[in-house]
Every structure is written in C-alpha cells, then in structure tokens.
Amino acid sequence: MAGKNQQTVRLDSDEYQKFWLSLWDTKTTRWDKGDVSPALRELISEKKWQLPSGRGIVPGCGRGYDAMFLASPSLHMVGADISPIAVETATKLRDEKQIPSSIVEFKEMDFFGFDVPEGKYQVAYDYTFFCALHPSMRAKWGARYAEIMASGGHLIALMFPLDKQPEDRDIGPPFLLSKDEYHKVLDENFELIHYDPKCKTHDDRVGVEVITVWRRK
C-alpha cells in the first residue's frame, strides 16, 4: 500500500517507540495529510453528529488537526502522542490558529500507560493509530478504550486501511485491517451505532476508509 513502511515493528518493544520517534525526528510523516480527515469533517459538520459533552482524546494525534477540530467549550480535547516533536508541533499550530488551550491541549503520553482521569472520556477519535499497532496488540487496544471511556461515550473509529485479502497482513505499519477485526476487539464493550462505507475520504484512500461510531456500553 502507498505509504507503507518496509520495516515491521511491535508495540510491546522498545524498538516500537524508537521507530515512531525516529520518523518524527527525520520528518518522515507520510501519513500526515495536513488537515482534518474528510470523513470526520463530514460526520460532524455536514451530518451534524451529536457528540457527548465532557472530555475527549485523540491517541497518536500527530499535528493535532482532528483534536483541534473536535474541541469546543463543551468538549475539552486532549491530543496524545509519544513524540515530543509531535506535541510541540501541535501546540504551536494550535497557538497559531488562536485556539484556546482551555478547550484543547497536547500531551506526551503512552496510550497504554497514562492515568485515566476521573469521569473518564466521553469521546475518542482513532485514525491511523489502530493500524500502526502490530496485530498482536489489537485486543489490548480494544480493552484500553473500554477502560478509558465512560458509559455512553462515543469512539469514532475511522477504519483504515481496509483490505479483505489475507496476504501481507503481518507486514507494516500500517497493518491491513478489516471490519471484522474491529468487531473482534470492540463488541464486548461497545455497540456499533454508525457505519458509513461511502464517507468522504482523501483521493488516495478511496475504498480503504470507513468511518464508524461505537458507543460504550
């Protein structure tokens, strides 16, 4: 697939963080499209999807476009990333856009290890994060979202990259995904309440992205 790195990494190793930090250090961020994902903008701005108020999180936030887009006086967003360069870049971009820090902040955080705030999160957005994890970490990803999200909370998962072919599924990142693989790790604690296979997308990702919303049981 376009943009696929030729090296395979595992999240449960020191090499994982070194790998992603090295991409930021060398400005090799080919997954970055420079703006809010079209599917998310369509869901919120055009289809007027109503999100719960409270607290939200975007793991692997990168330059923070999506966290800034979702932030509002009623929804305080946290953009989380393991890269200090990403956090610094996102914070600078937020300040340039004159978006108040009171509604969105960026933190250097390990998704699997940070302290969950009291009241948990009411909203989460996941895009190019699930596919960055080695397939062996997918169950842990689903369990972690169940742990950090409040009952009734909305997990917006932009499925990518979708592919029904079995070949090369253990090569990545990004690792190929299917709808079933999301169901396997989310169905126990989440209910799928929105699925749009015809969502807007980037030109080079047509047919391999589907936006979904899952409600925490």
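Note: hydrogens, waters and symmetry copies are ignored here, and every other heavy atom, side chains too, is used.
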With [X] as the cation and [Y] as the aromatic partner, state whether NZ or CZ is under 6.0 Å from the six-membered ring centre and within 45° of the axis.
X      : Y      : value
Lys92  : Phe106 : no
Arg138 : Tyr182 : no
Arg41  : Phe69  : yes

Hey, can you tell me if Trp214 and His183 have their rings parallel, tilted or perpendicular (30° and 60° cut-offs)? perpendicular
Result for ring pair (Phe, Tyr, Trp, His ring centres under 6.0 Å) between Phe111 and one of Tyr145, Trp141, Phe130, Tyr121 points to Tyr145
Contact summary for [X] and [Y], nearest pair of heavy atoms:
X      : Y      : result
Glu209 : His202 : OE1-N, 4.2 Å
Cys131 : Leu177 : CB-CD1, 3.8 Å
Cys199 : Ala39  : SG-CB, 3.9 Å
Gly119 : Ala150 : O-CB, 3.7 Å
Val213 : Leu43  : CG2-CD2, 4.0 Å
Ile103 : Ala71  : O-CB, 3.4 Å

Is there a side-chain contact between [X] and [Y] in this structure, where contact means two heavy atoms from C-beta onward sitting under 4.5 Å apart?
X      : Y      : value
Ile156 : Leu51  : yes
Leu93  : Met68  : yes
His154 : Arg215 : yes
Leu155 : Leu186 : yes
Ile148 : Phe114 : yes
Tyr127 : Leu40  : no
Phe112 : Leu133 : yes
Ile44  : Lys48  : no

With distance as the sole criterion, is a donor-acceptor pair present between the side chains of Ser37 and Tyr125 under 3.5 Å? yes
Please check: side-chain N/O of [X] versus main-chain N/O of [Y], any donor-acceptor pairing under 3.5 Å?
X      : Y      : result
Thr212 : His194 : no
His76  : Ser102 : yes
Gln122 : Arg55  : yes
Lys217 : Asp187 : yes

As an exercise, state the distance from [atom1] of [X] to [atom2] of [Y], rounded to the nearest 0.5 Å.
X      : Y      : atom1 : atom2 : value
Ser151 : Asn189 : OG    : CG    : 10.5 Å
Thr89  : Arg94  : OG1   : CZ    : 12.5 Å
Ile211 : Phe160 : CD1   : CZ    : 13.5 Å

Check the pair Arg144, Val116 against side chain to side chain contact (heavy atoms under 4.5 Å, CB included), reporting the backbone distance first and the verdict last. CA-CA 10 Å; Arg144 182 58 168 166; Val116 183; 3.7 Å; yes
Quick one, Met109 with Val78, criterion side chain to side chain contact (heavy atoms under 4.5 Å, CB included). Give me CA distance, side-chain angles, the key distance, then yes/no. CA-CA 10 Å; Met109 294 166 58; Val78 173; 4.0 Å; yes
I'd like to know if [X] and [Y] make a salt bridge, using a cut-off of under 4.0 Å between side-chain N and carboxylate O.
X      : Y      : answer
Lys107 : Asp81  : no
Glu181 : Lys184 : no
Lys200 : Glu42  : no

Glu108 atom CD, over 12 foreign heavy atoms within 6.0 Å: yes
Taking atom CD of Glu147 as the centre, report whether more than 12 heavy atoms of other residues, nucleotides or ligands fall under 6.0 Å from it. yes
Going by side-chain contact (heavy atoms from CB on, under 4.5 Å), Met77 matches just one of Ile57, Ile99, Val104. Which one? Val104
Output, in order, the C-alpha distance, side-chain angles, deciding distance and verdict of side chain to side chain contact (heavy atoms under 4.5 Å, CB included) for Asp196 and Lys47. CA-CA 11 Å; Asp196 185 3; Lys47 297 192 174 182; 2.7 Å; yes
